[in-house]
Amino acid sequence: MLDAALIQQCADPSLKPAIVEQFVTAAGSNDPLAVTVKSGGRLILVPNAMTPDEAMAIVRQYVGQAVVRVGLTQFPAGVGVKDTADLKADLVDPCENLRKGTAMFAKVLRIVAKWYGNPKADDVFPQIFEDAIYAWKTGEFEGVSVFQAEDPRKSVTIDNVLPPEEAEESSDIPPADTSPEGAEKSENVGSAGMRIDLSRIGGK
C-alpha cells in the first residue's frame, strides 16, 4: 500500500486514492528504481539498479529496442520519446513517477470507460478497472495503442474517476470525509502494507 501522503502530494487528482493504490498494487512496483524490460513478450533479465543513475542507464540501453517499464507505476519509458537523450531522471523519482503514471493510467481508464459507454453502475467499474490494468500492461485495448491515443477527457464520466476540471479544483482538498474525524482517519490510511524502499535512492 502506498503512503497516503505520497498519493495526496503526487498522484493525479482525477483518481481517487483507493484507485491509485489498486493501480500500483496491480501493475506497479514497490521499488522506485525497478526497471522491467520485455522483448517479443519475453522478459529480459537486467541487473537490479542500486542508484537512479544505474536505473536510467538500463532504461537508455533498451528504450527503442524493447518495452521498458520503470518505477513505482512501471511507467512505459519510451512513450513520446524520440531520442534517449530526452529521457529524464525523474522517471525514477517516486513522486514524479507516480504523477506521470497515474495521469497516464487515468487516461487509459477514460479510454476503456468510453468503450463501455461510460456506464454509471458501480458494479461495472471493477471490469473497467481490470481491462484498464490489462491495457496498461500490454499498451493496447481493442486495437488502440492506449499510450499514444487521444484522451477522451470531458466525454467520459465514471463515478470512480473525477472529471479533469473537477479534479483540478479539488486537488488541494483531502479526499473523502473532510470532517476532523474523517481527516484523522485519512491520515492513517496507507501507513501499513506496501513499503516503498526509498533508502536505495537516498530517501529516509
Side-chain angles (χ1 to χ4, degrees), residues 1-15 17-109 132-141 145-149 151 189-204:
M1 186 179 294
L2 287 173
D3 183 71
L6 185 68
I7 294 175
Q8 180 71 13
Q9 178 183 351
C10 307
D12 188 288
S14 71
L15 293 180
I19 302 302
V20 173
E21 289 184 2
Q22 291 176 40
F23 161 54
V24 174
T25 298
S29 170
N30 64 344
D31 180 3
L33 301 181
V35 179
T36 305
V37 180
K38 288 186 177 181
S39 180
R42 299 180 63 181
L43 184 66
I44 298 176
L45 295 179
V46 297
N48 290 329
M50 300 305 293
T51 66
D53 286 344
E54 289 180 6
M56 290 308 300
I58 297 171
V59 171
R60 291 189 176 98
Q61 179 181 350
Y62 288 99
V63 161
Q65 306 175 48
V67 177
V68 181
R69 302 299 187 98
V70 61
L72 295 178
T73 62
Q74 288 293 279
F75 187 83
V79 172
V81 176
K82 296 181 179 179
D83 190 325
T84 55
D86 295 331
L87 291 166
K88 297 181 180 180
D90 62 6
L91 282 172
V92 293
D93 175 79
C95 186
E96 283 302 312
N97 185 280
L98 189 62
R99 180 175 287 115
K100 290 175 181 288
T102 52
M104 180 72 81
F105 183 67
K107 183 184 84 165
V108 174
L109 265 176
I133 289 294
Y134 180 79
W136 179 266
K137 291 181 177 180
T138 63
E140 293 189 359
F141 178 72
S145 297
V146 291
F147 300 136
Q148 287 83 13
D151 191 339
V189 173
S191 59
M194 181 188 291
R195 296 295 182 185
I196 302 170
D197 183 7
L198 297 177
S199 62
R200 291 171 57 189
I201 56 173
K204 296 181 180 179

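- No side-chain heavy atom of T73 sits under 4.5 Å from any side-chain heavy atom of F105.
- S29 and G71 make their closest contact through CB-O, 3.8 Å (heavy atoms, listed as atom of the first residue, atom of the second, distance).
- A distance-only check finds no donor-acceptor pair linking the side chain of K38 to the backbone of A66 [under 3.5 Å].
- When all heavy atoms are compared, the tightest approach of R60 to L87 is NH2-O, 3.0 Å.
- The neighbour count for Y134 OH, taken as heavy atoms of other residues, nucleotides or ligands under 6.0 Å away, does not exceed 12.
- Put simply, the side chain of D90 reaches to within 4.5 Å of the side chain of K100, judged on heavy atoms.
- What you find for V92 and A55 is that their closest heavy atoms are CG1-CB, 3.7 Å.
- Shortest non-hydrogen contact noted between G139 and R69 is N-NH2, 4.2 Å.
- A135 and V108 get closest at one heavy-atom pair: CB-CG1, 3.8 Å.
- Counting only heavy atoms from C-beta outward, the side chains of V24 and L98 approach each other to under 4.5 Å.
- How far CD of E140 is from CD of Q148: 9.5 Å, rounded to the nearest 0.5 Å.
- Side-chain contact between P32 and D93: absent, with no pair of heavy atoms (C-beta onward) separated by less than 4.5 Å.
- One distance of note links CG of D3 with CD of E21; it measures 9.5 Å at 0.5 Å rounding.
- Counting all heavy atoms, side chain and backbone alike, K88 lies closest to M56 at O-CE, 3.4 Å.
- A distance of 9.0 Å separates CD1 of I133 from OG1 of T25, quoted to the nearest 0.5 Å.
- Distance check: L33 CG to N48 CG gives 9.5 Å after rounding to the nearest 0.5 Å.
- Proximity of a side-chain donor or acceptor of N97 to a complementary backbone N or O of V70 within less than 3.5 Å is detected.
- The distance from the CG atom of D12 to the CE atom of M104 is 11.5 Å, given to the nearest 0.5 Å.
- Side-chain atoms of L109 and L15, non-hydrogen and from C-beta on, do get closer than 4.5 Å to each other.
- Annotation: the span from N30 atom CG to L72 atom CG amounts to 8.5 Å, rounded to 0.5 Å.
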query: Given F141 and W136, is the side-chain contact (heavy atoms from CB on, under 4.5 Å) satisfied, shown in steps?
result: CA-CA 9 Å; F141 178 72; W136 179 266; over 6 Å; no

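- Here the side chains of V46 and Y62 are in contact, with some heavy-atom distance below 4.5 Å.
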